[in-house]
Engineer: 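Pasting a structure here, questions to come.
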Amino acid sequence: MTWAETILARKANRSHVDAGEYVVARPDAFMMHDIFAADVLELLEKSGIERINDPDCVTVVFDHMVPAPSEYAATHQRKARTLIRKYGIEHFFEGGRGICHQVMVEEGLVKPGDLVVATDSHTTTYGALGAVSAGIGSTEMAYALATGTLWFKVPETVLVWLENQWQDSVCGKDLILSLMKTIGSDSAQNRSLEFRGPGAAAMPLADRLTIANMGVEMGAKFALFPPQRESRGSGPYAHEYSLDLSRLEPMVALPHHVENVGPVADHQGLEMDQVFIGSCTNGRIEDLRDAQRILGGRHIAPHVRLIVTPASREIYRQALHEGILEDLIQAGAIIEGPGCGPCFGGHMGLLAAQERCLGTHNRNFQGRMGSLQAEIYLASPLTAAATALKGVLTDPRDVLGASQEVIQ
Amino acid sequence: MKEPSLRYQGRAWVLGDNISTDLLSPGHYVHDPMQTRLKHVLEAVRPDFAQGVGAGDIVVAGKNFGCGSSRESAPMHLKDLGVAGVIAESFARIFSRNAIAIGLPVLSCPSISSRVKDGEYIVFDLRAGEVILADGSRLKSERLPDQMLDVLAKGGIVPILEEIGRSMRS
């Protein structure tokens, strides 16, 4: 069986399942964030359901609208806090602790082989740990919390075999953007992606988290790095792809869809108004170190606004400790508190008509960050930092090359 | 009680591929009053939609309908505007799960967006798993499993939660 089939069979108490079957399974962990927690718990309350199946398996993280940017959000969160207490949910993290997916990983609330559901599409992130995880809506979450169960269609699996290692100027973001183009939703929709091979076995957790996180952008149900990933799994696989990581180059997603991807080198020179480094996709310490590599001792272009959002309080403290935040502030960045902020167009960095933003986040749909006439580009933290430095879309290899010359 | 037929007839609004949850329910308005949020549904691709759509109309679209966020407001806004159901060549999985959970019928039908004209009156039948066009031609569609049809027949998961709540009290 594939990794998705193995875990779904285990959680459905079955010895074997096949792709295409519907099973009722018992997830190990359930997570909600501030946008939906109140809706879910209110729905339970209104339905007369006074207790949830197992509060110890439930986590709530406030990360989207924090600190509350409006009275509405503040009221919504106040209501959620009351209900979180009422239903006995002890794994509750207030605004400032971090973005929900990063917090789940840092707090050890997800383990390899777990089945996890959460009210957020980027729940695929935990596939980086070998957990089988997917987003659901608030009504389904209410049902899952009440009963401890949920139905799943066992997906077909697509094997992505990774060979070799990438160059210093690329990272997991460039890999997943590249896969958007080569695999895309035509092959990945509603399927489980299973990453294996020497390149997957050697890959750092931060990059695996980025890749699994964005698996959902090509419609994947799960994006999994199984625990034993150096060898080929037993399948069956609906498709098999093989990728030589050493040939990867910096990639960018162009407006207005994530699959509209090309090499940064082919689109250099596009003027940017804002650069955003953060989100559950690329707001980790490794990403901030990449930004420092390019921006340390330099200053961003005068017409650009650079917004940096560490994905969690732990990352914020680590970046402070390493002097990264000092360097980025000197370079002209605005450092925001941990949270989802501008990524989903909630607050803290929206765009006007005709403005362009290059971000390290995960979606560039029309209207996502404010105006319908704004343009969003997605790339790696290295490309984002190089672009903030120059004020125009810039291949990080140009800037990294230049900095080595300076050192020599 | 007679089982609902799960057969719908209505006027089609034909949209393209990759209609995202940001187009259906922009995150920017997520905390605005419902009337404001409904005004912005699909405004980037069909500025006439929110004003013009009527009760019983059917949304027809290409591939990957509802891609993006897990926000349930995406199918809910369509339902609130009176849409009877969505027929698309394919759906993003969270959108189709959410649609069923809130009682908005969805049907996958290959090549539907090129077969239906905007404004055409069409029929779709969830139990038969087919779409009938104005000229009488029938298109086979992917039939949802019986459990999902049962949820839709009940109007979504909310009535099921209410049953659970009643059984917990008694």
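Throughout, protein chains are lettered first and strands after them, A, B, ... in sequence-line order, and every chain is numbered starting at 1. For clarity, every value in this text was computed on a predicted model and none was experimentally measured. What you see below is based on every heavy atom in this structure, not just the backbone, and it leaves out hydrogens, waters and symmetry mates.
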Engineer: Taking the side chain as every heavy atom from C-beta outward, state whether A:Lys46 and B:Val158 have any atom pair closer than 4.5 Å.
Structural biologist: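 Sidechains of B:Val158 and A:Lys46: no contact.
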
Engineer: Pick whichever of B:Asp32, B:Thr21, B:Ile164 has the most heavy-atom pairs under 4.5 Å with chain A.
Structural biologist: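 Between B:Asp32, B:Thr21, B:Ile164, the count favours B:Ile164.
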
Engineer: For chain A, which residues from residues 33-45 of chain B have at least one heavy atom closer than 4.5 Å to it?
Structural biologist: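 Within residues 33-45 of chain B, the residues that come under 4.5 Å of chain A (heavy atoms only) are B:Glu43, B:Ala44.
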
Engineer: Looking at B:Lys140, I'd like to know if its NZ atom is crowded, meaning that more than 12 non-hydrogen atoms belonging to other residues, nucleotides or ligands lie closer than 6.0 Å.
Structural biologist: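 Yes, NZ of B:Lys140 has more than 12 neighbouring heavy atoms, counting only those of other groups under 6.0 Å.
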
Engineer: Please state whether the side chain, the backbone, both or neither of A:His347 comes within less than 4.5 Å of a heavy atom of chain B.
Structural biologist: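 For A:His347, there is no contact with chain B at all, as no heavy atom is under 4.5 Å.
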
Engineer: Drop me the distance from A:Met218's CE to B:Asn64's CG, to the nearest 0.5 angstrom.
Structural biologist: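 Output value for this atom pair is 12.0 Å.
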
Engineer: Looking only at heavy atoms and a cut-off of under 4.5 Å, which of A:Thr139, A:Ile136, A:Leu44 has the most pairs with chain B?
Structural biologist: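 Of A:Thr139, A:Ile136, A:Leu44, A:Thr139 has the most heavy-atom pairs under 4.5 Å with chain B.
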
Engineer: Within the 4.5 Å heavy-atom criterion, are A:Ile35 and B:Arg71 side-chain neighbours or not?
Structural biologist: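 A:Ile35 does not reach B:Arg71 side chain to side chain.
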
Engineer: I need the contact set between residues 120-130 of chain B and chain A: heavy-atom distance under 4.5 Å, sorted by residue number.
Structural biologist: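 Within residues 120-130 of chain B, no residue comes under 4.5 Å of chain A, counting heavy atoms only.
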
Engineer: With rounding to the nearest 0.5 Å, note down the distance linking NE2 in A:His257 to SG in B:Cys67.
Structural biologist: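 It is 4.0 Å, given to the nearest 0.5 Å.
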
Engineer: Enumerate by number any residue of residues 84-109 of chain B whose heavy atoms lie under 4.5 Å from heavy atoms of chain A; in the absence of such residues, state 'none'.
Structural biologist: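 Within residues 84-109 of chain B, the residues that come under 4.5 Å of chain A (heavy atoms only) are B:Ser90, B:Phe91, B:Ala92, B:Arg93, B:Ile94, B:Arg97, B:Asn98, B:Ala101, B:Ile102.
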
Engineer: Looking at A:Glu50, A:Glu217, A:Gln366, A:Gln189, which makes the most heavy-atom pairs under 4.5 Å with chain B?
Structural biologist: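 Heavy-atom pair counts peak at A:Gln189.
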
Engineer: Only pairs at least two apart or in different chains count here, so list each salt bridge (charged side-chain N to carboxylate O under 4.0 Å, His left out) that has a residue in residues 157-170 of chain B.
Structural biologist: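 For residues 157-170 of chain B: none.
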
Engineer: Under a 4.5 Å heavy-atom cut-off, does chain B meet the side chain of A:Thr147, its backbone, both or neither?
Structural biologist: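 Contact with chain B: side chain only.
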
Engineer: So what's closer than 4.5 Å to chain B heavy atoms on A:Met369: side chain, backbone, both or neither?
Structural biologist: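 No part of A:Met369 comes within 4.5 Å of chain B.
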
Engineer: With chain B as the partner, which of A:Ser70, A:Ala73, A:Pro69 has the greatest number of non-hydrogen pairs under 4.5 Å?
Structural biologist: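 Among A:Ser70, A:Ala73, A:Pro69, the one with the most close pairs to chain B is A:Ala73.
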
Engineer: So what's closer than 4.5 Å to chain B heavy atoms on A:Ser185: side chain, backbone, both or neither?
Structural biologist: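 Contact with chain B: side chain only.
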
Engineer: Counting only non-hydrogen atoms closer than 4.5 Å, does A:Arg368 touch chain B with its backbone (N, CA, C, O), its side chain (CB onward), both, or neither?
Structural biologist: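 The answer is both parts of A:Arg368.
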
Engineer: At what distance, to the nearest 0.5 angstrom, does NZ of B:Lys63 lie from CG of A:Asp186?
Structural biologist: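 CG of A:Asp186 is found 4.0 Å from NZ of B:Lys63.
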
Engineer: Heavy-atom distances under 4.5 Å only: say whether A:Tyr143 touches chain B with side chain, backbone, both or neither.
Structural biologist: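 Both parts, heavy atoms under 4.5 Å.
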
Engineer: Report, as yes or no, whether the 6.0 Å neighbourhood of atom CZ on B:Arg143 holds more than 12 heavy atoms from other residues, nucleotides or ligands.
Structural biologist: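 Enclosed: over 12 neighbouring heavy atoms sit under 6.0 Å from CZ of B:Arg143.
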
Engineer: For residues B:Gly68 and A:Phe365, report the shortest heavy-atom separation together with the two atoms involved.
Structural biologist: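 For B:Gly68 and A:Phe365, the tightest heavy-atom pair comes out as CA-CE1, 3.8 Å.
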
Engineer: A:His256 versus B:Asp22: any side-chain heavy-atom pair under 4.5 Å?
Structural biologist: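 Not in contact.
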
Engineer: Tell me, out of B:Gly165, B:Ser69, B:Ser70, who's got the most heavy-atom pairs with chain A below 4.5 Å.
Structural biologist: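 Answer, by heavy-atom pair count under 4.5 Å with chain A: B:Ser70.
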
Engineer: How long is the straight-line distance from CD of B:Glu72 back to CD of A:Glu140, given to the nearest 0.5 Å?
Structural biologist: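 Nearest 0.5 Å value for the CD-CD distance: 8.0 Å.
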
